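Accompanying notes for the structure given below.
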Amino acid sequence: MTEDKKSELKRLIIYLAFSFGLAWLMFLLFVPGGKTWDELGQLKQSFIALGMLAPVIAHVITRLITKEGFAMTGEGSMMLGISFKNRKWVFYLLAILLPWIYTELGNAVTILLCPEIYDPKYYISLDIEKRLLLLLPIAGMVSGVIVSFAALGEEGGWRGYMMPKLIKLFEGKPAGKAWALIIGGIIWGIWHAPLTCIGHNFGTDYSGFPYLGILIMCITCTLMGIILTFVTEKTGSVWPAAIMHAVNNTSPSMLTGYVNYENVSGLKGMILPFAGRMIVMVLIIGILVIASGRKHNTGVNEKNKCSS
Amino acid sequence: MGGLLYKDFISVRGKRFVCFLCIFTLVFILIRVVFPGDRYYDDLIAYAADGSRINMIDIFLDMFAWMFIFMNMLFINRWTMEICSNDEKNKNHSFFAAMPYERHAYIASKYVFILIAAYVFFSVSQIWIIACGAFMSEGKTVDTLMAVNAMTLPVYSFMIFISAIELFLFIVLGKGKAMMIKVGFLLSIALCVIYILLFKDYSALIDKIGIYSIVQWVEKNSFSMTLLQILSPIITLLFYWASYKLCCLCCAGKERDYD
């Protein structure tokens, strides 16, 4: 390992120590012993979710310790600049629309996989008016863009610091970037572990609790991380990733009012809410890989033509 | 653009303000955590008309949070004026015209700066509301907090709407004329209010704008509230963009006349 890579690894370890330390400390301090995620109530859940700011705080602290500076744009920067030039606005638009597309399609796929979860009157038990269901996606997108500070807290750390360091560390190795993305996803998934252990996302009523939940969280984070790293690299900014993450967290889908996961229980009930979305995400990643591969090939062919 | 934004940040003493905002937020969260609403002090319990207990610590911290959020909104308005008048006083516009900046970058920087400020203030206000609500005793105070919180986004949108008008006036007409228009507008509103207070029956209006009637309205009209929360920022941002475009057009016209 070169000196450059050694110092990058050291910086990454400092960042991870602060990121995990701060978030897990907040969790330990404010989650009363024995209570599950649902028992906490909406307001307490929101307060615990402020732990999402830990990665960006860790990013700032790490930069202070390692004296890397606080540049907003360019290589090795905090990637907080915003530019719409060179069709970068397309990725901002994609960041807003893509979570809606994969959530809606994911719900549709889930209904196809398991028709018993379709409940045409489920929105009544959720205390939502039928006409309000039509507004849910756009409400999710608007609130995702405006109330994106918590997601910016996560993405400012994971995409703004960890991923560039991991990609640099794996540079020059076979399938280096793929490894960086997988390891990044696993770290991100494990970071959520304390919440998964009290039933966030998956509940507590499934076999293999909580290890299976942590495993599925790692897979989801890896898939999500690939798309988020893609938009971050294309725009050179963490903002589209933050917006996408925030919109994703609002689960903008009209079908939410018709999908009742309480109709299935156990392992099936735990995996199903994520299964459809994960299938659509894999398809999207496939499209992104093929599209960027085709663009790369076109670029190489044009270069060859010019040189010949 | 980054340089222009940083210049405005310095001109409003932004660094000091950010430090103040961070410290104030941390202290508020600490106080809220140390004095949670579910811990009852006998001297600090009040009873509502329906007999339910209300912890006065909740009310105090709730009011404190709303005061702080209201102050933040005033800062957006103040900074809109300040970033334009500071440049006018120091004749910065002619200096930037001689610099290799893109056309309209100067105007864009003013509009972007106010948007960033509004985003930061809105985010901090959300943190305050979350912290305040998380440790509140259950009951009427939580309902009030949630209902008033639902109004935060439309109110912030309204502040940006006002800023869009003010920025246009300050950049195109200059501080003197813009202040004349602003004071004239505020005076006419004040006169209208005085007229209503003196000569009209406003008792029905007071019943409608009471805090609990707002809470009830928000709870009953979830569809209208969601629509308001969606449309207010979209319409405001479209108006903001139109104001920027119009401002660029007027400034380009002014430069042509000058040439």
Side-chain angles (χ1 to χ4, degrees), chain A residues 26 29-32 40-53 56-57 60 70-74 77 80-85 96 123 126-153 239 242-243 246 250 252, chain B residues 1-3 5-6 22 25 29 32-33 36-38 102 108 112 115-116 118-138 141-142 145-146 149-150 152-154 156-157 160 219-237:
Chain A
M26 175 147 183
L29 284 176
F30 296 111
V31 176
L40 285 175
Q42 199 196 338
L43 286 163
K44 204 81 172 208
Q45 284 174 0
S46 302
F47 187 73
I48 303 294
L50 287 182
M52 284 171 86
L53 296 172
V56 82
I57 296 170
V60 172
F70 293 95
M72 292 283 176
T73 52
S77 69
L80 285 170
I82 294 177
S83 168
F84 297 124
K85 286 174 187 166
I96 297 170
Y123 61 89
L126 289 175
D127 207 15
I128 300 176
E129 288 178 56
K130 195 173 184 179
R131 55 184 180 157
L132 200 64
L133 285 176
L134 297 171
L135 289 180
L136 279 185
I138 193 158
M141 285 186 256
V142 169
S143 76
V145 173
I146 294 166
V147 198
S148 55
F149 71 94
L152 182 73
W239 280 102
I243 290 169
T250 63
Chain B
M1 174 82 92
L5 288 172
Y6 188 68
C22 290
T25 304
I29 293 174
R32 186 70 270 205
V33 171
D38 52 11
E102 276 179 42
V112 170
L115 265 191
I116 294 172
Y119 176 81
V120 171
F121 282 135
F122 181 75
S123 302
V124 173
S125 69
Q126 288 302 303
I127 294 175
W128 275 62
I129 292 165
I130 289 169
C132 196
F135 297 94
M136 206 169 242
S137 53
E138 281 181 17
T141 31
V142 175
L145 182 82
M146 296 320 287
N149 183 30
T152 319
L153 187 55
Y156 264 94
S157 301
I160 295 173
E219 280 170 358
K220 271 183 197 163
N221 301 282
S222 58
F223 181 78
S224 307
M225 200 57 225
T226 311
L227 208 61
L228 185 69
Q229 281 182 321
I230 294 169
L231 288 180
S232 61
I234 292 176
I235 292 171
T236 304
L237 287 178

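For clarity, every value in this text was computed on a predicted model and none was experimentally measured. Just so we're on the same page: letters track the sequence lines, and every chain starts at 1.
Two rings, from A:F47 and B:F135, have their centers less than 6.0 Å apart.
In terms of heavy atoms, A:V147 sits closest to B:Q126 at CG1-CG, 4.3 Å. Nearest heavy atoms, B:T226 versus A:A139: CG2-CB, 4.1 Å. A:F149 approaches B:Y119 most closely through the heavy-atom pair N-OH, 3.2 Å. Across every non-hydrogen atom of B:M146 and A:L43, the tightest pair is SD-CD2, 3.5 Å.
Highest contact tally toward chain B, considering only A:R131, A:M72, A:Q45, A:M141, is held by A:R131 [criterion: heavy-atom pairs under 4.5 Å]. Contact count against chain B (heavy-atom pairs under 4.5 Å) is highest for A:I146 among A:I128, A:L29, A:L136, A:I146. Residue with the most contacts toward chain A among B:V33, B:V112, B:I129, B:I234: B:V33 (heavy-atom pairs, distance under 4.5 Å).
In this structure, CD1 in A:I82 is found 7.0 Å from CD1 in B:I116, a value given to the nearest 0.5 Å. Atom CE in B:M225 sits 12.0 Å away from atom CG in A:L132 (nearest 0.5 Å). Atom CG of A:D127 sits about 7.5 Å away from atom OG of B:S222, to the nearest 0.5 Å.
Contact of A:S143 with chain B is not made at all, since no heavy-atom distance falls under 4.5 Å. Neither the backbone nor the side chain of B:M136 comes within less than 4.5 Å of any heavy atom in chain A. When heavy atoms are compared at a cutoff of 4.5 Å, B:F223 approaches chain A by way of both its backbone and its side chain. Using a 4.5 Å cut-off between heavy atoms, A:L135 contacts chain B through both its backbone and its side chain.
Taking a 6.0 Å sphere around CD of A:E129, one finds it holds more than 12 heavy atoms contributed by other residues, nucleotides or ligands.
Every residue was checked against the side chain to side chain donor-acceptor pair (under 3.5 Å) condition with B:S232, not counting sequence neighbours, and none meets it.
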